[in-house]
Amino acid sequence: MERVFITYLVALLFLLSPYEGHGQERSFSPYHVKVQYAGSIGFASVGVGRSFFREKLETDLFLGYLPERIGGDRIWTAALKTTFALFRPVPLKSLDWQPLRTGFQVSHTFGEEYFIFEHHDKYSRGYYGFPTAVHLYLYLGGQVDFTRVEKLQRFGLYYEVGTSAEYLISYIQNPRYLGPGKIFNLALGMRVRL
């Protein structure tokens with residue numbers, strides 16, 4: 001799993017090369033920064049990324065933080081996200097709304113207490129069943145861009161509802177214990193095109 005994370009990181013850095021993608025809009029750089037609240041990256045996170053194919057695809061690298069007073073421990077998380085816009089934006093007066101975006105995220109939680117492979121000297125084989133340091137998340141969401149609002153054209157707001165692959169598998173195996181309210185989370189964020 002750690003190799004997958006490193007491979008994905010190298011691929012993202014390659015995609016963030018300074019060359020403009022085919023068909024990329026020229027009014028803004030293909031690069032952007034994001035600030036996100038929640039969404040399994042931490043209480044708050046910041047990220048940098050790039051858009052491709054007229055903003056139909058985005059890749060982002062995030063760093064998130066969960067403070068001790070909220071999570072019981074200080075937790076730092078890095079995440080690589082890939083988002084696909086499935087439909088063209090819907091123009092709403094001065095806004096463009098992308099009603100359906102989907103994607104996945106691979107995240108790594110830092111700390112000695114988290115592991116990719118179970119420590120068999122501490123736990124019996126299969127005690128956890130999943131790594132505690134690396135997670136795969138799937139999400140659906142949307143985005144509103146202030147396309148025709150003067151001085152706000154670079155800004156967009158997005159929302160995502162997601163779950164981890166581990167939660168989804170656990171829910172399928174035991175739907176009586178884990179309800180949808182326990183496995184899904186909400187992320188709210190802002191994107192600024194550079």
Side-chain angles (χ1 to χ4, degrees), residues 1-16 32-53 55-66 71 75-90 97-110 114-118 128-145 156-191:
M1 201 69 164
E2 189 171 90
R3 288 182 186 168
V4 171
F5 183 78
I6 292 170
T7 302
Y8 196 65
L9 177 62
V10 170
L12 178 74
L13 294 174
F14 175 72
L15 291 174
L16 290 175
H32 55 259
V33 295
K34 290 183 178 179
V35 177
Q36 182 173 305
Y37 166 74
S40 299
I41 305 176
F43 178 75
S45 57
V46 294
V48 296
R50 181 177 172 157
S51 298
F52 301 91
F53 311 114
E55 298 194 12
K56 292 184 186 339
L57 171 69
E58 289 181 1
T59 57
D60 302 294
L61 176 60
F62 277 88
L63 181 62
Y65 177 69
L66 180 67
I75 300 173
W76 290 93
T77 303
L80 295 166
K81 292 180 70 171
T82 300
T83 307
F84 307 93
L86 300 178
F87 303 104
R88 290 181 178 214
V90 177
W97 177 42
Q98 294 179 356
L100 186 58
R101 293 163 49 98
T102 186
F104 63 92
Q105 153 187 321
V106 177
S107 67
H108 183 271
T109 304
F110 298 97
Y114 304 104
F115 60 84
I116 296 173
F117 302 103
E118 285 185 75
Y128 275 96
F130 299 107
T132 59
V134 176
H135 302 282
L136 173 67
Y137 294 90
L138 308 170
Y139 55 88
L140 290 171
Q143 181 168 293
V144 175
D145 292 311
L157 301 175
Y158 66 91
Y159 52 92
E160 298 166 352
V161 175
T163 187
S164 72
E166 295 95 334
Y167 283 167
L168 199 55
I169 291 168
S170 297
Y171 173 72
I172 291 168
Q173 292 175 342
N174 192 1
R176 290 183 184 170
Y177 176 72
L178 289 174
K182 292 183 178 179
I183 68 168
F184 289 102
N185 61 61
L186 175 68
L188 302 172
M190 179 177 67
R191 179 182 77 152

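Cation-pi geometry between K182 and Y171 is not met: the NZ or CZ atom fails to fall both under 6.0 Å from the ring centre and inside 45° of the normal.
Going from atom CZ of R50 over to atom CD of E58 covers 12.0 Å, rounded to the nearest 0.5 Å. Residue F104 holds its CZ atom at 5.5 Å from CZ of F84, rounded to the nearest 0.5 Å. With rounding to the nearest 0.5 angstrom, the OG1 atom of T109 is 13.0 Å from the CH2 atom of W76.
When every heavy atom of E55 is checked against every heavy atom of Q98, the shortest pair comes out as O-NE2, 4.3 Å. For the residue pair A85 and R101, the shortest heavy atom distance occurs at CA-CG, 4.1 Å. The minimum heavy-atom distance between G39 and A187, with the atom names listed, is CA-CB, 3.5 Å.
For the pair L66/T77, no side-chain contact is recorded, criterion being any heavy-atom separation below 4.5 Å from C-beta on. Looking only at side-chain heavy atoms (C-beta outward), Y137 and I41 stay at 4.5 Å or farther from each other. Within the 4.5 Å cutoff, the side chain of F184 has no heavy atoms near those of the Y139 side chain. Within the 4.5 Å cutoff, no side-chain heavy atoms of V33 are placed close to those of V46. Inter-residue side-chain proximity for Q105 and D60 is flagged as unmet; no heavy-atom pair is nearer than 4.5 Å.
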Distance-only donor-acceptor pairs under 3.5 Å for side chains of residues 156-166, two or more places apart:
| unit_1 | atom_1 | unit_2 | atom_2 | d |
| --- | --- | --- | --- | --- |
| Y158 | OH | Q36 | OE1 | 2.8 |
| Y159 | OH | W97 | NE1 | 3.0 |
| E160 | OE1 | K81 | NZ | 2.8 |
| E160 | OE2 | K81 | NZ | 3.2 |
| T163 | OG1 | I183 | O | 2.7 |
| S164 | OG | E166 | OE1 | 3.4 |
| S164 | OG | Y167 | N | 3.0 |
| E166 | OE2 | H135 | ND1 | 2.9 |

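Residues passing the side chain to side chain donor-acceptor pair (under 3.5 Å) test with S40 are N185, sequence neighbours excluded.
The backbone N or O of L80 lies less than 3.5 Å from no partner atom in the side chain of S107, so there is not a single donor-acceptor pair.
Aromatic rings of Y37 and F43 (six-membered ring for Trp) have centroids within the 6.0 Å cut-off, being under it.
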